[in-house]
Each structure stands twice: as C-alpha cells, then as structure tokens.
Amino acid sequence: MTGAGKGALTAVWLWIALVLLLPFAIVLKISFATSQLGVPPYGPPVSFSAYAALIHDNLYLNAYLSSLRTAFVATVIALLLGYPMAYAIARCSQRWRSILLLLVVLPFWTSFLIRIYAWIGLLRPTGLVNTVLESLGLIDAPLRLINTDGAVMLGIVYTYLPFMVLPLYARLEKLDPALLEAAADLGARPWRAFLKITLPLSHPGIIAGCLLVFIPAVGEFVIPELLGGPDTLMIGKVLWSEFFTNRNWPMSAAVAVILLALLIVPIMWFQSVGHREARS
Amino acid sequence: MAPILSVEGISKRFGVTLAVDNVSLSVGPNECLALLGPSGCGKTTLLRLMAGFETPDAGAIMIDGVDMTRKPPYARPVNMMFQSYALFPHMTVEDNVAFGLKQDGLPAADRLARVKEALAAVEMEAFAPRKPHQLSGGQRQRVALARCIAKRPKALLLDEPMAALDKHLRERTQLELLVLRRRLGISFVVVTHDQDEAMTMADRIVVMESGKILQADTPRALYERPGSQAVARFFGDINLWPSGLAVRPERIALSRAPGGVEGTVTDMIYRGTTTTYLVQTHDLVVRVLSAHAGDAPQFQKGEKVFLSWPDDAARTLCP
Amino acid sequence: MTARVILGFGLAFLYLPLLVVMGYSFNASRLVTVWTGFSTQWYFELFADRQIMRAAGISFIVAFVSASVATVLGMAAGYALARFGPFRGRAIFAGLLAMPLVMPEVITGLALLLLFVAAQSAMPWLPGRGVGTLIIAHASLTMAYVAVIVQARVAGMARDYEEAAADLGAKPAAVFLYVTLPLIAPALVAGWLLAFVLSLDDLVIASFTSGPQSTTLPMVVFSSVRLGVSPKINALATILILVTFAMLVVAGLLSRRRSK
C-alpha cells in the first residue's frame with residue numbers, strides 16, 4: 001500500500017467513525033435518557049424509562065410485530081413476482097437482456113416519493129382504478145383501496161421490486177444452460193429440472209434479494225404514511241411521530257435501538273451473503 | 001562481461017508457499033534468458049521481483065551493477081511486457097508508446113522522434129492514431145513491445161509473450177522477436193511454459209520447479225545432457241528404464257540382426273517423415289523414432305527386433 | 001413462457017403509475033382524475049410557486065455538493081476495498097460502509113440528527129442545522145453506493161494497467177491520475193449520478209437533519225401530498241421523471257462513446 005493510499009484509507013475510516021459509528025453510539029446513549037422540556041429535549045442517560053414504556057405499552061409491541069409481518073408478506077410477494085421476471089430476463093438474448101434490465105432499474109432512479117404519490121392517484125376512491133372499474137360496470141361503489149394494509153404492501157413491492165430482481169438476475173444469468181439440458185437429457189421434466197437445478201443454484205440470489213427488500217421495509221415510513229390508513233401500525237411511523245409529534249427523543253431512540261436489534265441478524269446475514277458473492 | 005541483470009539468493013514467500021526459493025541467476029549483455037517451468041513454479045514471481053512489483057524476503061537484485069532490490073518499479077531501468085499486454089484502453093497507440101517517455105520528462109520533440117522510432121521498429125507507424133481495441137492480437141503485441149523499447153531499457157522482461165496469440169502466429173512472432181532483439185541489442189528475460197518457445201528464443205534456459213532452479217544451460221545442453229529425469233521429460237520424449245537409464249527415442253536403432261536389447265514391435269505410429277515404434281522389451285515399452293525418406297516403414301507389427309544405441313546417447317538420471 | 005407473461009406484467013406494474021401521473025399533469029381540470037382537455041397551466045403554476053422553487057434550489061445545491069463529496073470518499077473507500085487486500089479490519093470496514101445501504105432510513109436520520117445536536121452542544125460555535133448538515137448526512141449515506149460501484153469496477157479491472165504504468169516510470173500519483181482515474185471514470189459518473197438522485201429524492205433523512213431555513217423539495221412535496229393529489233405535483237413529478245431519464249441517457253451515451 002502506498003503512502004497516499006494509506007492516507008485515503010485513514011480519511012475514509014475517520015469519516016466512517018464520525019458519521020456512521022458515533023451516531024449510533026449517541027442513539028444508544030440517548031435511549032437511556034429521560035424526556036424533558038428544553039433544548040435538547042432530553043436529560044442525562046441514567047434511566048430505563050423509555051424501555052419500560054416500550055414493554056408496558058402494547059402499541060410498540062404491536063407496531064414491531066405488524067411491521068415484521070407486513071415486510072415479510074411484501075417480501076414474499078416481491079419474490080413471487082421478481083423471480084419469474086429475473087428468470088425471463090436471464091433467458092433472453094444478450095441484446096434484450098440489457099434493455100429489459102435497464103427497464104427494471106430505471107424506476108429505481110426516479111423519485112421514490114413521486115412513485116408512491118403516483119399510487120395515491122391510482123388507488124383513491126375517485127382514482128383511476130375505481131373510475132375504470134365503475135365505468136366498466138364491475139363495481140357500483142368505489143372500493144376502499146387506499147389507506148389499507150394491502151396498499152402498504154403494494155407500495156413496498158412496487159418500490160423494492162428492482163432490489164429483488166437484480167440479485168436474482170445476477171445468479172440466474174450465471175447459470176449454465178447446459179446444466180438444464182443435461183438434466184433434461186437425464187430424464188428430468190422441466191418442472192423437476194427447475195426445482196432440482198435452477199432453484200438450488202439461485203439460492204444465494206433469493207436470500208440477497210429477500211433481505212434487500214425485507215430489511216428496509218421493516219422500518220419503512222413514507223409508504224405506510226401515504227398509502228396506509230390511520231390504523232396502519234408500522235414501527236417507522238411510530239418512531240417518526242415519537243420524534244416529530246411527541247418530541248420524545250429518548251423514546252424514539254429506544255424504538256430505533258430495538259428496531260436495530262431486531263434487524264441486526266438479517267443485516268449480518270445479508271453482509272455474509274454479500275461477502276461470499278463477492279468472493280465467488 | 002559483467003551481467004546486465006543479476007539475482008542473488010532471492011526468496012519470496014506468499015503465505016505458507018515459498019514461491020521463489022533462494023534463486024540466483026544472471027543475464028549477460030545481449031543475452032536472451034528463458035525462465036521455463038509449469039504454472040506455479042515461481043517463474044512469473046521471479047520476473048515480477050525483477051520488475052519491482054514484488055519485494056523479496058531475502059536476496060538482492062542488481063541491474064547494471066546497481067542494487068535495485070528496494071527500488072519501486074518506476075525507478076528501475078527495465079521494462080516489462082505483460083501477458084495481457086496491458087495497453088491503456090483509453091489512449092491511442094501513440095499515447096501508449098509516449099506514456100513512459102512523458103514520465104521521464106522528455107521534451108516533446110525528442111519524445112515524438114522516439115515514439116516514431118519505436119513504432120517503426122515494430123512496423124506499426126500506420127496505426128499510431130488507433131485505440132488498442134481496434135487492433136488485432138498480433139498488432140497489440142507489437143505496440144506493447146514498442147511501448148517497452150521506446151524507453152530503451154537495460155533489459156526487457158517478457159511474461160508469456162506468445163500466450164495471447166494464435167498458434168500459427170506464434171512461430172513467426174518468435175523469430176521476429178529474435179531478429180528485433182539482435183538489432184536493438186537489449187537483454188531479454190522471457191517467462192514461458194512452452195519448451196519449444198524457450199528453445200526457439202533463448203540463448204540460455206533456466207528450468208524451474210517449486211520455486212527452485214532445476215538446471216540452467218543452453219537449449220542443446222539441456223536436451224542432450226539433462227541433469228535429472230524432470231528436465232529430460234520437459235524437453236521432448238525420452239525412454240526411462242526403472243534403473244534410471246535414459247535414452248532419447250531418436251537415438252535408438254532397430255535391427256533384425258541379434259545384438260543389444262531384444263523386444264517385439266507392438267504398435268507403430270506413422271507420421272510421414274517419421275515412424276514411432278513401440279517395442280515391448282522385458283521391462284519397458286520402448287519408443288523408437290525412426291526417420292525415413294519416402295520409403296515404407298521397415299518393421300511390421302509382431303516382429304522380433306533388437307535395440308541398440310551409441311554409448312554417448314545413454315545417461316543415468318536421478319529422478 | 002409463463003415467466004415472460006409475468007415479466008410483462010411486472011414491467012407494466014412498474015411503469016403504469018408513472019405514465020398516469022405524467023398524463024394527468026397535462027389535464028386541464030383541477031379534479032385530477034377527470035380528463036377535460038390538454039393544458040400546460042399546471043407547469044406555469046408550478047414555476048410560479050415560490051416555496052417549491054426555493055426548495056428545489058436547496059435540493060439541487062445539496063444534491064450536487066453531497067454527490068461530489070460522496071464520490072470522492074466513496075472512490076477512496078471502494079478502491080481500498082478492492083485493492084488493498086486483507087488489511088486489518090477490512091470486514092468491519094466493509095460492513096460499516098454497507099450499513100446505509102440496508103439500514104431503515106428513520107434510524108439513519110435519527111442517528112445523524114442526534115450526532116449534529118451533540119456536536120452543537122459540545123461546540124456551540126458550529127453553525128446550526130441547515131444546508132451544511134444536510135450535505136454531510138447525504139454524503140455519508142450515498143458514499144456507500146459510490147463505494148460499491150467503484151469497488152465492482154476496480155475489482156473487475158486487471159492490475160496490469162497500473163503495474164504497466166509504474167513499470168513505464170509513472171510514480172503512484174501519476175499512475176492514479178493518468179491510468180486509474182480514466183479507467184474508473186464510468187463508475188465515478190454512475191456513482192455520482194446515483195448519489196445525486198438519491199440526495200434529491202430523500203425525504204426521511206432530510207426531515208431529521210435539515211433546519212428551518214433548508215426545507216428540501218421532497219419535504220414540500222410530502223406535506224402537499226399528505227393533503228391530497230394536486231395537479232401541480234403531477235407537473236413536478238413529470239419534470240423530475242424526465243430530468244432523471246435524460247440524465248441517465250446522457251450518462252449512458254457518454255460512457256458508450258468513451259468505451260469506443
């Protein structure tokens with residue numbers, strides 16, 4: 001390593017320590033403080049009161065469970081939709097592959113907020129979906145589409161679909177078609193060949209894709225806020241309102257600490273998958 | 001004459017493997033030295049030590065009488081031609097060749113002249129404005145060569161120079177490189193795993209295995225007087241008896257008249273100018289190479305024959 | 001065959017909402033769902049909206065500066081990961097660097113805000129929250145993306161080029177400037193663009209870390225969208241979508257010409 005290289009590495013280490021490591025230490029510290037009026041609105045870190053509230057108030061427990069459930073269901077739907085998409089792209093000719101891949105990635109580059117906003121226009125009682133269904137005579141009164149847990153899951157699937165398709169595609173593209181031909185030659189029917197060859201070989205892609213959708217979805221705030229209803233309970237929303245509405249910083253810090261504790265296992269899992277992928 | 005480049009007792013360890021193990025050798029002025037051996041024998045590491053990409057754990061590297069052991073690559077008066085050629089893809093042929101001269105801070109006019117001269121030496125002047133990806137494999141190799149010789153190095157280090165070329169281009173290029181080297185008077189160190197290439201190009205061949213030098217000599221001496229079975233097997237075909245007796249197939253004569261070792265022809269491979277007979281003797285299937293000029297093979301399958309060879313053709317080799 | 005049908009459905013699913021928004025931005029009616037004729041009046045109203053224009057200005061400045069900072073830091077980090085081999089703490093380094101990629105935004109936002117508050121109480125002379133803190137927050141988030149892109153590019157690039165340059169007499173700085181930098185330029189462009197777009201789009205972290213005078217475009221859009229669908233936002237959405245696509249096309253063409 002050259003001197004300049006060492007210098008650059010040290011600079012990056014410092015930056016990481018300062019803006020990634022230190023903040024989490026501060027979050028942990030403040031989660032042990034008590035809320036009070038003033039600037040900043042918290043006292044010294046000597047209390048477990050935020051954690052006590054977390055345990056005693058069912059709202060928080062329900063919010064965590066409901067977030068995990070919503071994220072899990074949305075991840076499964078994204079996998080069921082994303083896997084065939086990645087599979088179809090990987091089976092296309094080289095030229096089509098890059099075009100289709102670009103089409104999958106492009107929405108990721110456009111504003112996330114705008115994409116969620118677009119669904120409001122579609123799902124509202126007077127939105128396009130209801131209008132079309134009514135004019136076709138399929139329904140008499142507008143369906144309640146927006147402000148439901150279903151809409152939140154739809155929003156998550158819609159937002160994170162590219163994150164599912166990309167790692168799956170990366171795996172499936174590497175799959176040698178000769179393996180499937182060999183399986184067919186040895187007497188395996190297409191479905192069996194898929195179950196016995198393609199699926200096991202794309203396993204790391206499935207894990208990476210699912211974790212990439214699941215982890216951020218658990219803490220999602222914008223989607224439940226805009227597409228969910230008043231009774232939609234997600235922990236990201238709780239954290240937000242503790243902070244901005246109740247101005248209870250220690251409480252939101254404690255919510256964040258527990259959320260991070262819940263996610264640390266999937267995050268580590270994701271990083272170890274990423275490591276193995278990078279090495280292979 | 002004093003050597004241009006010499007390596008004294010050099011060792012290099014990667015983790016637990018000793019890639020280069022106490023190697024000493026020297027390259028004379030105007031000499032072409034080949035480092036020959038199977039992949040993983042340490043020949044490329046040795047070359048990279050000479051170029052300065054690796055630092056040795058022990059030993060010294062002298063270039064033109066100056067200790068260069070700890071010098072970085074950019075301070076060494078030797079240049080390397082990479083197996084991949086490593087032509088900078090974002091620069092034209094001309095800029096590639098000029099790159100090294102720019103680093104030396106050569107004035108623009110001199111630089112232009114040197115670039116022209118180097119490109120002329122490899123007959124690539126017409127391709128100066130092209131980008132590397134617009135060239136064929138052979139043309140790329142010439143540009144890589146021009147980029148090195150433009151710097152007028154004391155020695156040129158070539159890592160598998162023919163590896164990226166088609167088979168039919170290889171032989172021609174080997175000869176062209178020989179001619180060019182004689183004209184420029186630069187010492188070469190060529191790394192190769194191909195013994196034909198080593199024999200074609202080198203004045204002296206260093207045979208390596210597991211980081212050590214097995215034998216270093218002229219191509220002819222290595223062929224005729226190999227020091228071990230490993231070296232003997234590396235160059236051409238050889239019959240090895242369990243006792244360690246070794247005889248090249250072309251030195252054995254076949255005869256119907258009794259005398260020498262008795263055997264039976266079990267198979268024959270006809271190749272136009274030569275025929276290889278497989279002769280079953282009591283302890284070995286011996287390969288005998290006999291040349292013929294137009295006449296039919298003289299012996300038949302199943303025929304009883306006698307093998308003989310001149311005294312100087314037989315050697316006893318340790319494993 | 002089934003897979004292809006699902007692929008078609010999936011792509012329609014991805015694009016239909018965007019097309020609908022763009023279409024309705026040209027609707028004359030204020031009632032967003034009823035089509036009453038073609039009109040560009042919402043674009044004029046959008047540009048006349050002082051609040052939106054000011055927020056857009058702040059967002060662009062923050063995105064531009066933070067993307068540039070993130071590109072420099074991310075380049076150093078990505079290069080270190082790809083080239084410096086198994087240096088001490090490499091796994092921790094890579095893990096920390098990748099944190100923002102998966103961390104829920106509310107946590108990152110809260111953590112950075114608390115950092116800024118703590119820094120301010122320790123050093124009262126520091127300027128308060130505003131454009132500066134936004135830039136720091138966005139740069140730390142997006143440098144991870146740049147690092148990943150640069151690392152992939154450097155890892156896929158043979159060391160031969162850099163070694164050849166050193167062999168030809170280039171000192172490390174010259175090797176980096178004349179050989180490494182041009183070769184990783186496409187990754188830097190892609191990384192910068194991604195960092196720019198992510199910063200421009202961020203609502204959650206900006207809400208935590210911005211000050212009263214530095215409301216960003218997504219924050220304005222968010223508070224407007226909470227109140228319902230508005231044709232002005234449709235027009236803004238259309239412009240944002242088209243600007244992003246145009247940027248990507250230009251970047252794609254540039255990198256294609258470079259590789260030729």
Side-chain angles (χ1 to χ4, degrees), chain A residues 1-2 4-5 8-9 11-12 15-16 19-24 26-27 30 40 81 84-85 87-89 103 107 109-115 117-122 124 126-128 131 158 161 212 215-216 218-222 226 236 239-240 243 252-253 256 259-260 267 270-271 274, chain C residues 2-4 6-7 10-11 13-15 17-18 20-21 24 32-33 73 76-77 79-80 84 87 93-100 102 104-107 110-112 114-115 117-118 121 136 140 172-173 176 197 200-201 203-204 207-208 218 221-222 225-226 229 233 237 240-241 244-245 248:
Chain A
M1 207 184 305
T2 61
L9 193 58
V12 176
W15 179 271
I16 284 180
V19 298
L20 293 175
L21 219 47
L22 188 61
F24 289 108
I26 297 175
V27 169
I30 288 170
L81 180 58
M85 288 176 74
Y87 187 84
I89 297 174
L103 281 175
W109 287 80
T110 58
S111 170
F112 159 66
L113 199 55
I114 294 297
R115 280 184 293 149
Y117 165 76
W119 278 103
I120 300 179
L122 288 173
R124 289 183 321 152
T126 56
L128 191 71
T131 316
Y158 180 68
L161 191 59
L212 270 177
I215 299 168
V218 173
E220 188 53 59
F221 162 72
V222 177
L226 292 182
L239 193 156
W240 182 281
F243 186 87
S252 53
L259 177 56
L260 195 57
I267 287 176
F270 172 75
Q271 297 201 331
Chain C
T2 336
R4 289 210 175 175
I6 297 176
L7 174 64
L11 289 175
F13 173 63
L14 285 176
Y15 284 92
L18 297 181
V20 170
V21 166
Y24 275 117
V32 189
T33 42
L73 288 167
Y79 190 83
F84 292 166
F87 58 84
F93 184 78
L96 281 173
L97 200 61
M99 280 296 238
V102 284
E105 288 176 310
V106 282
I107 298 185
L110 178 67
L112 284 167
L114 295 181
L115 170 79
V117 170
S121 62
I136 295 175
S140 1
F176 184 78
V197 168
L200 201 60
D201 188 30
L203 166 72
V204 174
S207 298
F208 277 102
V221 171
F222 182 65
V225 165
R226 260 180 164 168
V229 179
I233 300 295
L240 282 179
I241 293 168
T244 331
F245 280 21
L248 290 178

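Chain A is the first sequence line, chain B the second, and so forth, proteins listed ahead of strands; every chain is numbered from 1. This one's a predicted model, so the numbers in the text were calculated from it and none came from an experiment.
- Counting heavy-atom pairs closer than 4.5 Å to chain C, the top-ranked of the candidates A:A256, A:A11, A:P107 is A:P107.
- Only the side chain of C:V117 comes within contact range of chain A, with heavy atoms under 4.5 Å apart.
- Proximity of A:Y158 to C:L14: side-chain heavy atoms (C-beta onward) are separated by under 4.5 Å at one or more points.
- Only the side chain of C:L248 has a heavy atom closer than 4.5 Å to any heavy atom of chain A.
- Using a 4.5 Å cut-off between heavy atoms, A:I30 touches chain C through its side chain atoms alone.
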(request) Test A:T110 against C:F245 for side-chain contact (heavy atoms from CB on, under 4.5 Å), laying out the working first. (result) CA-CA 8 Å; A:T110 58; C:F245 280 21; 3.1 Å; yes

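- In this structure, the portions of A:F112 lying under 4.5 Å from any heavy atom of chain C include both its backbone and its side chain.
- For a residue to count as touching a neighbouring chain, one of its non-hydrogen atoms must lie under 4.5 Å from one of that chain's; by this rule A:L122 touches chain C with the side chain only.
- Highest contact tally toward chain A, considering only C:V225, C:L112, C:L203, C:I136, is held by C:V225 [criterion: heavy-atom pairs under 4.5 Å].
- With a threshold of 4.5 angstrom between heavy atoms, C:Y79 does not approach chain A through any atom at all.
- With chain C as partner, the option from A:L113, A:V27, A:I89 having the largest number of non-hydrogen pairs under 4.5 angstrom is A:L113.
- The aromatic rings of C:F222 and A:F221 sit tilted relative to each other, their planes meeting at an angle between 30° and 60°.
- Contact annotation for C:L73: both backbone and side-chain heavy atoms come within less than 4.5 Å of a heavy atom of chain A.
- In this pair, A:W119 and C:F13 present their aromatic rings tilted. The plane angle is within the 30 to 60° band.
- The choice from A:P216, A:G219, A:P23 that makes the most heavy-atom pairs within less than 4.5 Å of chain C is A:P23.
- In this structure, chain A has a heavy atom under 4.5 Å from the side chain of C:V21, while its backbone stays farther away.
- In terms of heavy-atom pairs under 4.5 Å with chain A, the best-connected choice from C:L114, C:T244, C:V197 is C:L114.
- Residue A:L161 touches chain C through its side chain alone, counting heavy-atom pairs closer than 4.5 Å.
- Most heavy-atom pairs under 4.5 Å with chain C: of the set A:L103, A:I215, A:I267, this distinction falls to A:L103.
- In this structure, the side chains of C:S207 and A:W240 come closer than 4.5 Å at one or more pairs of heavy atoms.
- Using a 4.5 Å cut-off between heavy atoms, C:L200 makes no contact with chain A at all.
- The minimum heavy-atom distance linking C:L110 with A:S252 is given by the pair CD2-O, 3.6 Å.
- Listed options C:A173, C:A118, C:A77 were ranked by heavy-atom pairs under 4.5 angstrom with chain A; first place goes to C:A77.
- Heavy-atom distances place no part of C:S121 under 4.5 Å from chain A, backbone and side chain included.
- Distance CG/C:D201 to CZ/A:R115: 7.5 Å, rounded to 0.5 Å.
- In this structure, the portion of A:W15 lying under 4.5 Å from any heavy atom of chain C is its side chain and not its backbone.
- Expressed to the nearest 0.5 Å, how far CG of A:L260 lies from CD1 of C:I107 amounts to 5.0 Å.
- At distances below 3.5 Å, not a single donor-acceptor pair connects side-chain atoms of A:Y87 with backbone N or O atoms of C:A3.
- Counting all heavy atoms, side chain and backbone alike, A:M85 lies closest to C:I6 at CG-O, 4.0 Å.
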